[in-house]
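Working notes, beginning with the structure itself.
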Amino acid sequence: MAEVVIVENSRAAGDLVADAILSLIASKPDAVLGLATGSTPLPVYEALAARVGDIDLGKVSAFALDEYVGLPASHPESYTSVINREVVEPLGLVPERIHVPNGATETIRSAGADYERAIHEAGGVDLQILGIGSDGHIGFNEPGSSFASLTRVKTLTERTRSDNARFFDSPDQVPMHCITQGLGTILRARHLVLLAFGEGKADAVAAAVEGPLSSMLPGSAIQLHPHTTVVVDEAAASKLRLADYYRYTFDNKPEWQGI
Ligand code: PGA
């Protein structure tokens with residue numbers, strides 16, 4: 001089962017996950033990170049930026065989960081721009097080592113296979129950061145996505161487009177299509193770290209961690225992974241049936257064991 005860590009707030013979550021990432025990089029300087037966009041992972045990136053100091057991240061590479069299709073990479077809300085602004089620049093990562101699926105329409109037919117190949121050639125993702133949508137999506141794998149899916153084009157649901165409208169001037173500017181790592185791609189990462197904060201995520205978190213495996217709730221794919229850590233605040237944990245057990249397990253965790 002996933003390890004569930006219930007923390008006081010998103011800042012504590014950011015600290016915990018940043019520590020895990022830095023300890024990975026200490027043991028593997030050429031670690032491959034899986035990056036997520038959206039509001040949820042921001043505390044992780046902020047905590048990393050505050051801690052990075054003299055640590056050499058020159059060999060670290062990273063792969064983002066997804067990108068909009070047809071939005072120019074130079075658009076401020078393209079995930080290429082977002083990853084540059086929120087991760088690459090503050091952490092001083094080497095831009096050539098940071099990959100985002102290519103959402104350009106001219107090359108979209110081969111973009112999925114190209115991305116899968118690039119991840120494979122980099123040796124696979126060591127630690128994948130994940131958020132979860134209110135509809136249970138991870139990456140942009142909307143309900144109905146196959147657990148075996150690989151990087152491909154998807155049509156965003158109206159709910160996701162309206163969830164993401166806050167980043168755009170008007171809801172109709174949110175692109176209709178995206179290119180996203182599949183659930184099968186995500187499951188190949190060696191460690192999944194799913195974060196969620198706030199009551200609005202409580203149903204999706206409970207369904208992903210404790211509900212039946214179902215492509216209708218793509219986040220439930222994490223149950224198939226041997227090393228998943230779910231880091232949530234009290235509000236996002238509020239519908240977990242085994243919350244007390246997760247707290248008990250974490251409080252009694254051997255000191256030598258990281259997340
Ligand atoms: P959020 O998005 O972090 O902005 O809530 C999560 C997601 O849609 O995966």
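Side chains included, hydrogens not; waters and symmetry mates left out as well; all remaining heavy atoms used. Counting starts at 1 for both ligands and their atoms, in listed order.
Rounded to the nearest 0.5 angstrom, Y246 OH and E3 CD are separated by 11.0 Å. For the atom pair NE2 of H75 and CD of Q173, the computed distance is 6.0 Å after rounding to the nearest 0.5 Å.
Side-chain atoms of N141 and R152 include a donor-acceptor pair closer than 3.5 Å.
Within 4.0 Å of ligand 1, heavy atoms belong to protein residues G38, S39, T40, G131, I132, G133, H137, R166, K201.
Test T228, D126, T229 against H191 for side-chain hydrogen bond (donor to acceptor under 3.5 Å, both in side chains) and you get one pass: T229.
Not counting sequence neighbours, the partners of S220 by the side-chain contact (heavy atoms from CB on, under 4.5 Å) test are F147, L213, L217, Q223.
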Practice task
I would like to know whether V231 and L194 meet side-chain contact (heavy atoms from CB on, under 4.5 Å); could you show each step before the answer?
Solution key: CA-CA 6 Å; V231 185; L194 187 148; over 6 Å; no
